[in-house]
There are 2 protein chains.
Amino acid sequence: MLTISQFAATAGVTVRTIRHYHHVGLLPEPERDASGYRRYSAQAAVDLIRIRTLADAGVPLARIDALLHAQPTEFAAAITDIDAELQRKIDQLTDYRSRIAELASGERLVLPPEVVAILDRMRSLGVSELRVRLERDSWILMQALDPHVMPQRIRDKNANFDDPETTRLYLACDQSVDWDPHDPRVDRLIDDMDAWEIKHERDSSQPGYLKLVVSRISEASPAWQRILDALAHRAQRRRTAVPDS
Amino acid sequence: MLTISQFAATAGVTVRTIRHYHHVGLLPEPERDASGYRRYSAQAAVDLIRIRTLADAGVPLARIDALLHAQPTEFAAAITDIDAELQRKIDQLTDYRSRIAELASGERLVLPPEVVAILDRMRSLGVSELRVRLERDSWILMQALDPHVMPQRIRDKNANFDDPETTRLYLACDQSVDWDPHDPRVDRLIDDMDAWEIKHERDSSQPGYLKLVVSRISEASPAWQRILDALAHRAQRRRTAVPDS
DNA sequence: GGTTGACCCTGACCCTACGTCAGGGTCGGA
DNA sequence: TCCGACCCTGACGTAGGGTCAGGGTCAACC
């Protein structure tokens with residue numbers, strides 16, 4: 001007969017594991033010898049190995065108990081089930097592996113590839129990292145709060161960067177980050193951007209969740225703050241003069 | 001800004017998970033609004049996704065905390081590490097899958113293939129399932145208690161079944177299970193087996209752990225009990241007459 | 001302006017599958 | 001007789017949350 005540690009060793013588990021299985025009723029308590037030690041039969045070892053085979057495969061102990069007392073048919077069905085679950089886990093882990101590999105590269109994980117492409121395009125056009133990060137935050141908020149507008153916004157944004165005039169304006173604005181707010185170039189920029197908004201039938205009003213992004217842009221640079229305030233003011237005047245149809 | 005449930009949704013986790021991360025200090029507590037609700041920034045969403053990417057890969061939360069504050073070099077090293085661990089898990093799950101598939105077939109899981117082959121050979125020779133099971137138990141005990149003798153015993157056992165005379169004797173003994181202990185055929189069997197033991201220079205003494213198996217064999221059949229007792233008795237007499245060299 | 005349903009808050013206990021410690025008895029060999 | 005390696009029970013600890021309980025908020029609709 002086997003002592004508890006020999007018994008545990010046949011399945012490569014700890015003594016504590018065995019006692020736990022007794023406690024939860026998964027393994028029946030065996031006979032005791034004269035001094036109260038548990039003594040295990042070879043049959044118990046076979047049972048234990050079956051239990052561990054299932055447990056290793058991730059089957060909860062409570063379900064193992066039921067399984068071992070099930071009809072062969074149900075048992076076979078459950079096995080098929082468990083096997084499919086294992087395959088699913090394997091696929092998932094494989095997926096996690098590829099994600100882990102991308103961890104170094106930041107937003108690739110959190111945004112759809114089209115948006116990542118836009119951000120990369122901005123970088124390659126020479127847009128500052130600060131501006132790119134603000135843009136990224138705005139996409140993240142949009143994704144969380146208003147996901148159905150994303151496809152349209154992606155098209156718009158790409159169209160903007162396809163247009164050399166719009167791109168020039170965007171870059172000029174980006175460069176104004178450390179200009180003095182009263183630099184005459186800022187005035188020209190405001191005029192140009194206002195004209196652009198009129199031409200493209202846009203205005204500076206935004207869905208509520210983007211107000212935060214706008215306020216962070218303003219905080220980042222006094223020049224930007226002046227530009228945004230001026231544009232909002234002019235747009236407001238236009239709306240008052242020509243009310244919504 | 002995001003409410004806690006919107007924030008949780010960006011990473012596909014529950015609100016409780018977010019609060020748990022605050023509790024353990026993995027995520028910093030964000031600002032609160034006027035009514036005490038937590039409000040999350042887009043940057044927090046990026047951080048959360050990074051955390052979940054690691055957590056999904058099985059990294060303990062405590063280690064994630066350290067990782068996110070680590071140098072890029074250490075971080076990269078840890079990622080390599082985690083990736084290797086993932087691959088190991090995938091391999092293990094693949095292994096469990098193949099084991100699960102064998103669950104129906106019993107001893108294949110618990111004994112080395114050579115022994116399984118011996119048991120299968122016994123079955124194909126027509127040995128009763130009862131006897132096979134007793135034999136299996138004896139191998140299990142041997143494996144747990146005296147594993148280094150197994151290769152030799154495997155060779156011996158195969159040699160026995162390679163010998164037609166020994167096989168005949170074994171089968172005869174197996175068939176005697178329900179004979180009357182005083183059937184004259186039992187006497188002839190005892191004579192034959194005793195002769196066999198002398199010829200092969202074996203005796204019926206066993207290492208302690210096999211005594212149990214022998215006693216279970218005896219319990220299974222009165223005829224077997226008589227055979228074993230008689231053989232042990234004769235072997236004992238021989239040892240007394242011709243003491244160990 | 002009242003109600004309804006979907007949120008949010010904290011605090012506390014529950015879960016699995018054991019690990020670990022405390023405090024004590026038992027066994028086998030030197 | 002003593003030591004180290006076993007064995008026993010009982011109880012608490014662990015990660016990563018789940019799930020109440022008991023209460024406040026918000027927005028929309030009637």
Side-chain angles (χ1 to χ4, degrees), chain A residues 1-27 29-40 44 48 50-68 82 85 89 92 96 144-146 207-209, chain B residues 1-27 29-40 44 48 51-67 82 85 89 92 96 144-146 207-209:
Chain A
M1 304 299 279
L2 305 172
T3 68
I4 196 169
S5 62
Q6 290 162 342
F7 176 60
T10 65
V13 300
T14 67
V15 169
R16 180 62 176 85
T17 299
I18 303 301
R19 292 206 264 248
H20 181 63
Y21 290 174
H22 291 320
H23 187 71
V24 300
L26 185 52
L27 272 176
E29 282 277 0
E31 310 273 280
R32 306 291 182 118
D33 69 10
S35 49
Y37 291 9
R38 294 179 180 84
R39 292 297 170 155
Y40 296 87
L48 176 60
R50 288 167 67 87
I51 289 171
R52 282 310 308 180
T53 304
L54 289 164
D56 285 339
V59 183
L61 298 189
R63 199 176 158 203
I64 292 177
D65 195 21
L67 266 182
L68 294 182
I82 291 162
E85 179 68 13
K89 276 189 193 163
Q92 211 170 53
Y96 292 154
L145 300 173
D146 211 5
Y209 63 86
Chain B
M1 304 299 281
L2 305 171
T3 69
I4 196 169
S5 62
Q6 290 162 341
F7 177 60
T10 64
V13 299
T14 67
V15 169
R16 181 68 213 325
T17 299
I18 302 299
R19 293 207 262 250
H20 183 62
Y21 290 175
H22 290 320
H23 187 70
V24 300
L26 186 52
L27 272 177
E29 282 278 359
E31 310 274 280
R32 306 292 181 117
D33 69 10
S35 50
Y37 292 9
R38 294 180 181 84
R39 292 296 171 156
Y40 296 87
L48 177 60
I51 289 172
R52 282 309 310 180
T53 304
L54 289 164
D56 285 339
V59 182
L61 299 190
R63 201 178 158 203
I64 292 177
D65 195 21
L67 265 182
I82 291 162
E85 179 68 12
K89 275 189 195 164
Q92 210 170 52
Y96 292 154
L145 299 172
D146 213 4
Y209 63 88

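Every chain is numbered from 1 and lettered A, B, ... according to where its sequence line falls, protein lines coming before strand lines. Worth knowing before you read on, the calculation uses all heavy atoms, side chains too, and leaves out hydrogens, waters and symmetry mates.
- Partners of B/T3 under the side chain to side chain contact (heavy atoms under 4.5 Å, CB included) rule, at least two apart in sequence or in another chain, are B/S5, B/Q6, B/R39.
- First and last contacting nucleotides of DNA chain C toward chain A (any atom under 4.0 angstrom from a heavy atom, 5' to 3' order): C/dA17 to C/dC27.
- Taking 4.5 Å as the limit, some side-chain heavy atom of A/L68 sits within range of a side-chain heavy atom of A/L54.
- Between B/R16 and B/T3, the residue anchored nearer the 5' end of DNA chain C, judged by the nucleotide with its closest heavy atom, is B/T3.
- Atom-to-atom, CD of A/Q6 to C1' of D/dA5 comes out at 13 Å; the value is rounded to the nearest Å.
- For B/E31, the CD atom is loosely surrounded, since the number of other residues' heavy atoms within 6.0 Å does not exceed 12.
- Between B/R16 and the options B/I18, B/V13, B/T14, a side chain to side chain contact (heavy atoms under 4.5 Å, CB included) holds for only B/T14.
- Considering CZ of A/R32 and OH of A/Y37, their distance stands at 11.5 Å, rounded to 0.5 Å.
- With sequence neighbours left out, the side chain to side chain contact (heavy atoms under 4.5 Å, CB included) criterion links B/R19 to B/I4, B/V15, B/R38.
- Under 4.0 angstrom from either OP1 or OP2 of D/dC6 there lies no side-chain N or O belonging to A/R38.
- Proximity of B/V24 to B/D65: side-chain heavy atoms (C-beta onward) are nowhere separated by under 4.5 Å.
- Comparing the helix axis at one end of the helix from C/dG1-D/dC30 to C/dA30-D/dT1 with that at the other, each defined from 5 consecutive pairs, gives an inter-axis angle of 10° (nearest 10°).
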Provide a list of protein-nucleic acid N or O atom pairs under 3.5 angstrom, restricted to nucleotides 26-28 of chain D.
{"residue": "D/dC26", "atom": "OP1", "partner": "B/S35", "partner atom": "OG", "Å": "3.2"}

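- Partners of A/A55 according to the side chain to side chain contact (heavy atoms under 4.5 Å, CB included) rule, which considers only residues two or more places apart in sequence or in another chain, are A/Y21, A/R52, A/L61, A/I64.
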